[in-house]
Amino acid sequence: MKELIIIGAGPAGMAASIYAMRAGLDTLVLEKISPGGQVMLTYEIENYPGFVEPVEGWQLASNMEQQARRLGVTIESKDVEQVRKVQDVFEIKTTDGSVLTARSVIAATGASLKRLGVPGESEFTGRGVSYCATCDAAFFKDMVTAVVGGGNTALEEALYLTRFASKVYLIHRRDEFRGQKILQDRVRSNPKIELVLDTVVTQVIGDEKVKAISLLNKKTNKTSELTVNGLFIFIGFSPNTAYLPKEVLNEAAQVKVDMHMRTPIGGLFAAGDLREGSYRQVLMAAADGATASISAYEYITNKEW
Ligand code: NAP
């Protein structure tokens with residue numbers, strides 16, 4: 001039995017593991033695919049303190065992993081199916097059929113990208129529809145692309161796409177952006193970006209690959225078709241919490257935590273994008289991880305269990 005199992009090896013899980021190793025907790029990290037989390041999908045980050053120049057997402061993730069491994073952390077590749085507390089012990093069931101046990105658990109599994117849910121979206125995913133400009137933008141050199149969304153992610157990714165695409169339509173369902181002012185200014189002054197506001201995508205059209213998208217202007221109710229080679233969708237995230245007990249989740253399936261990252265179940269903590277009230281920033285995920293780890297240490301050493 002471990003003292004602490006951390007589920008997820010993104011910035012929250014890695015920061016939690018760094019603090020846990022330094023506190024001397026017998027710790028194991030479980031990760032479904034590979035360490036890094038969503039930061040791997042970000043081209044560069046310029047608001048993480050300590051880096052004078054923007055740092056590439058993969059580099060920041062890799063640094064965090066190397067730092068945790070240097071302190072002796074073990075990261076096992078496992079997909080967690082269920083976490084439950086049986087008396088004072090947490091049972092962590094994984095999809096390969098094993099059951100691991102721990103005195104405390106930090107859930108740090110982040111969030112997954114939302115889909116539009118329009119006809120053609122699934123069919124053309126990987127054939128013109130993408131959820132990662134950092135991964136796919138280079139395929140659209142000198143081509144026409146569209147980005148959907150009005151948050152920081154959509155604005156950042158639209159800017160990134162202009163390095164490759166000849167034109168980027170930024171399609172947003174309202175006429176005001178949710179994203180930061182600095183990004184809005186950069187988007188508005190970029191000659192390759194054309195704003196398509198008050199508009200939603202209703203269909204993705206193509207044969208082998210995407211050829212066009214159908215649009216609906218919500219103010220005028222007019223429909224139109226836009227010829228594009230690629231469609232990048234950045235409309236937010238849903239928390240990855242299906243494996244957690246229902247009693248720790250709110251109506252949006254986010255984990256309920258107090259300021260110490262304690263959930264309503266003693267010994268179960270949450271950190272990062274999956275928790276209620278998260279600002280969804282790398283820095284804050286890391287801070288959550290550190291807080292959760294300190295709380296787990298207090299829980300273990302005070303023998304509340
Ligand atoms: P977000 O802030 O939740 O924005 C999602 C955007 O998609 C909104 O503009 C929303 O429109 C739109 N949207 C949602 N559902 C839609 C639908 N079905 N059809 C069309 N449009 C839809 O998501 P995000 O941009 O991915 O950002 C998530 C979090 O990460 C935010 O807290 C953000 O600040 C943070 N983040 C920060 C940075 C940074 O600091 N550099 C970078 C990336 C992300 P409405 O506005 O009308 O709701």
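All ligand and atom numbering here is 1-based and tracks the order in the structure. Sequence positions, counted from 1, serve as the residue numbers for this chain.
Protein heavy atom closest to atom 20 (C) of ligand 1, with residue, atom name and distance, is Arg173 CD, 3.8 Å. Annotation: atom 24 (P) of ligand 1 to nearest protein heavy atom, Thr153 OG1, 3.1 Å. For atom 23 (O) of ligand 1, the closest heavy atom belonging to the protein is Gly236 CA, 3.5 Å. Given atom 40 (O) of ligand 1, the protein heavy atom at minimum distance is Asn47 ND2, 2.9 Å. Summary of contacts: the protein heavy atom closest to atom 46 (O) of ligand 1 is Arg174 NH2, 2.8 Å. For atom 19 (N) of ligand 1, the closest non-hydrogen atom of the protein is Leu116 CD2, 3.7 Å. Distance from atom 9 (O) of ligand 1 to its nearest protein heavy atom, with residue and atom name: Gly150 N, 3.0 Å. Of the protein's non-hydrogen atoms, the one nearest atom 38 (C) of ligand 1 is Asn152 CB, 3.7 Å.
Among residues at least two apart or in separate chains, salt bridge (charged side-chain N to carboxylate O under 4.0 Å, His left out) pairs with a member in residues 45-59 are Glu46-Arg186.
Residue contacts with ligand 1 for Glu176 are absent, since no atom lies close enough (heavy atoms, distance under 4.0 Å). No part of Glu46 comes within 4.0 Å of ligand 1, judged by heavy-atom distances. Residue contacts with ligand 1 for Arg280 involve both N, CA, C or O and side-chain atoms from C-beta outward (heavy atoms, distance under 4.0 Å). If you look at Thr42 next to ligand 1, there are no close heavy atoms at all, none under 4.0 Å. Residue-level proximity to ligand 1 for Val201 is absent, since no heavy atom of it falls below 4.0 angstrom. In Glu156, the part holding a heavy atom less than 4.0 Å from any atom of ligand 1 is the side chain. With a heavy-atom cut-off of 4.0 Å, Tyr279 touches ligand 1 through its backbone alone.
Within the 4.5 Å cutoff, the side chain of Lys218 has heavy atoms near those of the Val200 side chain.
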For residues 1-24, run the donor-acceptor check on the side chains, cut-off 3.5 Å, and write out each pair with its distance to 0.1 Å, sequence neighbours left out.
{"from": "Lys2", "atom 1": "NZ", "to": "Asp26", "atom 2": "OD1", "distance (Å)": "3.1"}
{"from": "Glu3", "atom 1": "OE1", "to": "Asp26", "atom 2": "N", "distance (Å)": "2.8"}
{"from": "Ser17", "atom 1": "OG", "to": "Met14", "atom 2": "O", "distance (Å)": "2.8"}

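Stacking of Arg115 on the aromatic ring of Tyr131 is recorded, both the 6.0 Å distance cut-off and the 45° axial limit being met.
Residue Gln180 approaches ligand 1 through these ligand atoms, each under 4.0 Å from one of its heavy atoms: 40 (O).
Shown here is Tyr297, whose OH atom has no more than 12 heavy atoms of other residues, nucleotides or ligands within 6.0 Å. Atom NZ of Lys192 is surrounded by more than 12 heavy atoms from other residues, nucleotides or ligands within 6.0 Å.
Each of Leu195, Asp198, Leu215 was checked for a side chain to side chain contact (heavy atoms under 4.5 Å, CB included) with Ile171, and the lone residue meeting it is Leu215.
A donor-acceptor pair shorter than 3.5 Å cannot be found between the side chains of Thr125 and Glu121. No side-chain donor-acceptor contact under 3.5 Å links Asn152 and Glu156.
Between atom 1 (P) of ligand 1 and the options Glu44, Arg178, Lys114, Gln281, the minimum heavy-atom separation is to Arg178. Heavy-atom proximity to atom 14 (C) of ligand 1, evaluated over Ile235, Ile45, Val282, is greatest for Ile235.
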Taking it one step at a time, do Asn63 and Gln67 satisfy side chain to side chain donor-acceptor pair (under 3.5 Å)?
CA-CA 6 Å; Asn63 287 1; Gln67 187 181 0; over 6 Å; no

